[in-house]
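These notes are about the structure you will find just below.
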Amino acid sequence: MKVTVQKGETLARALEKLHIGIALPCGGNGTCGQCKAYVEGFGEIKTCQFRLPGDYEVRVRPQMTFDAVSSEEEILNRIRPVTPREGWDEVPVMMVDIGTTTIVCKAFFQGVEVTVSGMNPQRRFGADVMSRIKAAGEGRLPELQQDVRSFLMEAKKRLEEQIQEKTGQRHKHQVETILVAANTTMTHLLWGWSCEGLGRAPFHPVSLAAKTDVVAELPGASLSTLPAISAYVGGDIVSGIWRLGMSQTRRTELLIDLGTNGEMALAHGGELFVASTAAGPAFEGSMPAQKIYAAGVFRCLAYMVEHGIMDERGLLCEEYHEEGYPVSESGMFDEDVRITQDDIRDFQMAKSAIRSGIESLLRAGGIEATDVEKVYLAGGMGYYIHQEDAIALGLLPPEFASKVTAVGNLSLAGVVGIQKAGLSNVLRELNDISGKAREIILADDVLFHENYVKYMDF
């Protein structure tokens with residue numbers, strides 16, 4: 001493709017302006033190398049560091065994330081149904097899950113369902129929320145806000161076009177309400193709120209309350225965000241808890257959302273315990289996962305442990321230590337992909353953070369893994385992996401066998417259900433979830449840190 005780099009901008013930014021997704025986990029510091037692309041005349045370069053103005057032929061590596069965008073019908077087979085209020089989709093309505101890595105949007109109109117998704121353009125400032133909080137504090141908040149609002153504006157336009165095409169109606173039906181579920185940092189960036197209180201203890205968000213307003217970038221539509229629980233457990237988890245009915249159940253149930261931010265919630269004895277841990281990009285489409293997909297990454301790693309290709313500490317055998325293990329040698333995949341030592345370490349840190357968080361939540365509830373009756377695995381990667389592999393690699397306790405249900409993008413499923421029921425009709429329950437949930441601060445939890453070292457091993 002032909003790409004024009006303007007004076008003062010990077011090739012990564014020029015590609016972003018063309019809506020070409022480029023991952024910048026290091027925030028554009030040039031340290032991770034995941035933004036590489038081929039530029040004719042220069043070879044493969046880091047797009048975040050290439051600043052030479054001009055017109056170039058560029059080939060970009062395929063980027064992939066695990067949206068797990070399920071249809072509403074498929075979601076209903078796994079979680080509680082919602083009785084729609086009368087006339088809820090007489091005019092187009094739009095629901096959005098703003099994730100740190102991916103943004104997924106759905107719209108409904110008179111029985112028609114359409115979807116638009118893509119990479120969160122804010123990732124040019126870094127892969128995780130801390131990098132974006134830092135950027136916001138350095139004066140980049142207006143850019144971060146505009147990135148997400150521009151995405152929503154374009155998504156709204158594309159959804160309206162899809163509706164017009166599917167209905168065959170010439171009149172352009174415009175979305176009138178937009179309901180958003182997002183983590184607390186993404187919500188702050190969307191509204192343009194200061195993120196200063198999110199970046200350091202004792203963590204004081206500007207607001208955790210639901211908010212509805214109109215914004216210039218989304219003409220003709222009102223924009224609403226859901227209430228959050230804390231600085232690091234946001235409206236996306238509130239959305240999922242509501243959709244699962246966890247705030248009202250007397251059963252012992254556990255929700256685990258596998259994403260850049262590993263959030264989880266435990267319902268036990270009428271109480272709610274929540275926690276959040278930084279899992280990093282390993283569960284959002286790391287390099288090997290781009291070609292062998294989520295289930296394949298888990299299965300291949302399990303195979304590597306079983307056949308001695310890497311040891312229980314995750315160390316590759318000498319034959320593959322430098323170049324990585326070619327997955328085609330396992331006989332399970334044909335793709336020309338290697339799993340490197342760095343890939344394994346990223347995975348170990350992510351899975352250990354999740355497993356250690358689970359153990360801390362169980363202790364907070366005063367229960368053992370055997371007491372958990374139902375485990376909901378949310379998020380893109382969670383939708384595809386096999387529970388046997390997750391248990392074999394130590395992501396989940398063995399006691400969870402046969403108790404796991406994959407629910408895909410639960411945050412989006414929740415916000416769809418809330419839109420159907422009517423935000424005003426369920427806001428009291430959402431606020432109850434926000435108010436009653438007890439957050440376990442894993443950074444202050446001695447057990448978490450002890451387990452983190454323990455569960456690094458396979």
Side-chain angles (χ1 to χ4, degrees), residues 78-80 82 181 183-184 201-205 207-210 226-259 261-277 279 353-379 382 395-397 399-400 403-405 407 410-411 413-415 417-418 421 425-451:
R78 295 176 169 87
I79 57 180
R80 72 171 184 176
V82 173
N183 66 50
T184 308
F203 304 114
H204 289 301
S207 175
L208 295 174
L226 301 182
I229 293 172
S230 69
Y232 289 98
V233 183
D236 48 356
I237 295 302
V238 171
S239 175
I241 290 171
W242 177 85
R243 189 63 196 263
L244 294 173
M246 290 179 67
S247 65
Q248 299 177 341
T249 186
R250 301 300 299 181
R251 288 158 50 97
T252 299
E253 299 181 343
L254 179 66
L255 164 62
I256 306 166
D257 191 339
L258 294 180
N261 308 305
E263 294 140 329
M264 53 198 80
L266 172 68
H268 173 66
E271 293 186 278
L272 272 176
F273 304 88
V274 298
S276 175
T277 181
I354 296 295
R355 176 64 183 274
S356 302
I358 292 171
E359 298 295 336
S360 292
L361 274 189
L362 295 178
R363 187 185 66 171
I367 62 173
E368 303 290 337
T370 52
D371 298 319
V372 177
E373 300 170 67
K374 191 75 174 178
V375 179
Y376 297 102
L377 209 55
L395 176 71
L396 301 178
E399 294 85 353
F400 286 178
K403 298 177 180 179
V404 178
T405 297
V407 290
L410 184 63
S411 171
V415 83
I418 292 166
N425 296 329
V426 301
L427 188 56
R428 178 177 293 182
E429 185 180 349
L430 296 173
N431 287 333
D432 181 60
I433 293 170
S434 176
K436 75 181 287 188
R438 173 187 163 193
E439 183 182 20
I440 309 303
I441 308 297
L442 298 180
D444 300 334
D445 185 35
V446 175
L447 178 66
F448 175 81
H449 292 286
E450 292 176 352
N451 281 330

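- Here His268 contributes atom NE2 and Arg251 contributes atom CZ; the two are 13.5 Å apart, rounded to the nearest 0.5 Å.
- With rounding to the nearest 0.5 angstrom, the OH atom of Tyr376 is 4.0 Å from the CD atom of Glu253.
- Of the possible polar contacts, one joining the Lys403 side chain to the Thr370 backbone as a donor-acceptor pair under 3.5 Å is found.
- Of all non-hydrogen atoms in Leu442 and Gly357, the two that sit nearest each other are CD1-CA, 3.9 Å.
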Under the side chain to side chain contact (heavy atoms under 4.5 Å, CB included) criterion, do Tyr232 and Thr184 qualify, and how do the steps go? CA-CA 6 Å; Tyr232 289 98; Thr184 308; over 6 Å; no

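- Within 6.0 Å of the CD atom in Gln248, the count of heavy atoms belonging to other residues, nucleotides or ligands exceeds 12.
- Leu410 CG to Ile256 CD1: the interatomic distance, rounded to the nearest 0.5 Å, is 12.5 Å.
- The two residues Ser247 and Ile241 make their nearest non-hydrogen contact at N-CG2, 4.1 Å.
- Across Pro227 and Val238, no two heavy atoms sit closer than the pair O-CG2, 3.4 Å.
- Annotation for Gly235 and Ala181: closest pair O-CB, 4.1 Å, computed over non-hydrogen atoms.
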Would Met264 and Ile354 count as a side chain to side chain contact (heavy atoms under 4.5 Å, CB included) here? Give the steps. CA-CA 9 Å; Met264 53 198 80; Ile354 296 295; 4.1 Å; yes

Test side chain to side chain contact (heavy atoms under 4.5 Å, CB included) applied to Leu258 and Leu395, step by step: CA-CA 11 Å; Leu258 294 180; Leu395 176 71; 4.1 Å; yes

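- Across Pro397 and Ala369, no two heavy atoms sit closer than the pair CB-CB, 4.1 Å.
- Counting only heavy atoms from C-beta outward, the side chains of Leu266 and Leu272 never approach each other to under 4.5 Å.
- We find the CG-CG distance between Leu208 and Asn431 to be 10.5 Å, quoted to the nearest 0.5 Å.
- Listed for the Asp371 side chain is no donor-acceptor partner under 3.5 Å among the backbone atoms of Ile367.
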Starting from the C-alpha separation in whole Å, work towards a yes-or-no answer on side-chain hydrogen bond (donor to acceptor under 3.5 Å, both in side chains) for Asp445 and Ser360. CA-CA 8 Å; Asp445 185 35; Ser360 292; 2.5 Å; yes

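- A salt bridge links Glu359 with Arg355: the closest approach of a Lys/Arg side-chain nitrogen to an acidic carboxylate oxygen falls below 4.0 angstrom.
- Ile229 CD1 to Arg438 CZ: the interatomic distance, rounded to the nearest 0.5 Å, is 13.5 Å.
- Between Leu226 and Trp242 there is no side-chain heavy-atom pair separated by less than 4.5 Å.
- Of all the heavy atoms in Lys436 and Gly270, the pair that sits closest is NZ-O, 3.1 Å.
- The closest donor-acceptor contact from the side chain of Thr252 to the backbone of Val372 lies at 3.5 Å or more, if one exists at all.
- Between Arg243 and Val82 there is a side-chain heavy-atom pair separated by less than 4.5 Å.
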Could you please spell out the steps behind the side chain to side chain contact (heavy atoms under 4.5 Å, CB included) verdict for Val404 and Leu396? CA-CA 10 Å; Val404 178; Leu396 301 178; 4.0 Å; yes

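- Rounded to the nearest 0.5 angstrom, Leu361 CG and Thr277 OG1 are separated by 10.5 Å.
- No donor-acceptor contact under 3.5 angstrom links the side chains of Ser276 and Glu263, judged on distance only.
- For Thr405 and Lys374, the side-chain atoms include at least one donor-acceptor pair closer than 3.5 Å.
- Side-chain contact between Phe203 and Ile441 is absent, with no heavy atoms from C-beta onward closer than 4.5 Å.
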